[in-house]
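Residue numbers start from 1 in every chain, and the chains themselves are labelled A, B, ... in the order their sequence lines are given, proteins ahead of strands.
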Amino acid sequence: MARILFFGRLSDFAEAIEAPLPDGVRDTDALTAWLSRENARLGEALARPGVRVIVNNAFISAPLELSDTDEIAFTSPLSGG
Amino acid sequence: MARILFFGRLSDFAEAIEAPLPDGVRDTDALTAWLSRENARLGEALARPGVRVIVNNAFISAPLELSDTDEIAFTSPLSGG
Amino acid sequence: MGAPFTDIEIAAAPFDPEAAHADFRRRVDGAGAIVAFTGLVRGKTGDGEDVSRLTLQHYPGFTEKEITRIVSKASVRWPLVGSRIIHRTGDLESGEPIVFVATASIHRRAAFEAADFLMDYLKADAPFWKKETRGDNAMWIEPRAEDLIDKARWRDSEGDANARDQRDS
Amino acid sequence: MGAPFTDIEIAAAPFDPEAAHADFRRRVDGAGAIVAFTGLVRGKTGDGEDVSRLTLQHYPGFTEKEITRIVSKASVRWPLVGSRIIHRTGDLESGEPIVFVATASIHRRAAFEAADFLMDYLKADAPFWKKETRGDNAMWIEPRAEDLIDKARWRDSEGDANARDQRDS
């Protein structure tokens, strides 16, 4: 089961998801596209500047291949401590 | 009555004095000379570099005239807080 | 002096900075200097508007990992006896402690600089998301240019800071 | 924000830094940042020799006056909500708090800089005389070049420090 999490502004539009990756979703870009189709308001928020993706506790800087054991977090710009 | 106080290293050699100024002592230099005559070990300590004199709660930078209402403190270099 | 200890705590409920300080002080045997920073929720924004509530979100596991990474940077740079960080999450009211950072070292300059550094890095890099509620209006706070400038202060003086650590407290 | 308050205390007996911090925190309504420095007596000198006792002498009246003057400098330079200084005198054992300096401001940079400044000035200028006892040997401590260098850090950056105060905490 993949875990998909949302933080900051993004958490206003979606709850955490614990499920197998959707059919045909093999990387983070595809997952973003899928989430945006399923949830238009989340899609708008994901398209804003500063959104970053964390896979298995590390920020990614390029699209990353995903599997069903991954934890993927979508984050709006962090506010800091 | 003048009050004469000693701090730091100087306090090892003399206790506070509360008395009229000695005869003929009209300024801080004369007081230093009188104290050094009365107490040789104090005199040696007063001659060391860094000794400063405080009259009525202010450091003095030149010999200062004294009267019997003054508080005069002789201090070795302060260690700081 | 052995390896420095580090305590990192994400607190979902109000915490007591003085209890944290007392506990920290008991543990920093041999230190000559403790610097403690306590951040308090302010009831007003920069523009003087009232904030009725501040809500902090964190990413359990990842937030702790990132803070640990920040503390490691400080431990490499300054000879610390120990450090302690407590950061609130959840809903906070005006006046409540939101962050506590304590550092201990043999010498005071290292303790001051490390605490200052930790706060700058926490402000810029720690994974927290803040929502301010003003009346009926809630808004997510994005990072401020100032926080990135504060962090950048530490970039070009690495050698300098190390040289200064060697002095007495 | 009204005029900053200042508490200066010369303590002949051990004091509790956490009680002082709690009391200070209660009084700094509206502050966003508290920085507290606690200095502890170290059981060893810079050369690793054991110190069995530290004795501090002050000049009642004059010492308070000089510390007040130092705090006034900080209050002019940084927008403080308040500050508190406690300094021990008398005989101190290893591990005992010797000095506590707390500053509060709306913003963290001002609180950090003011506390750091106060410690540098206290170290260099506050009228205290210290005697270290090592075994049967007692010696008066004279000021160290480092303390004068620390103080000199604040000389040529007055404009800079003021500019930085304006930023948000």
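A:Ser79 and C:Glu142 share no side-chain donor-acceptor pair at under 3.5 Å.
Here the side chains of A:Phe59 and C:Pro127 are not in contact, with every heavy-atom distance at 4.5 Å or above.
Around the CG atom of A:Asn56, the shell of radius 6.0 Å holds more than 12 heavy atoms that belong to other residues, nucleotides or ligands.
The six-membered or imidazole ring of C:Tyr59 lies away from that of A:Phe6, with a centre-to-centre distance of 6.0 Å or more.
For the set C:Thr63, C:Ile98, C:Leu122, the entry with the most heavy-atom pairs within less than 4.5 Å of chain A is C:Leu122. Between chain C and the residues A:Leu5, A:Ile54, A:Thr75, the most heavy-atom pairs under 4.5 angstrom are made by A:Ile54.
Aromatic ring pairs are classed by plane angle as parallel below 30°, tilted from 30° to 60° and perpendicular above 60°; the pair C:Trp129 and A:Phe7 is parallel.
When all heavy atoms of A:Leu78 and C:Asp125 are compared, the closest pair comes out as CD2-O, 4.0 Å.
Only the side chain of C:Lys65 has a heavy atom closer than 4.5 Å to any heavy atom of chain A.
Annotation: the span from A:Asp12 atom CG to C:Lys131 atom NZ amounts to 4.0 Å, rounded to 0.5 Å.
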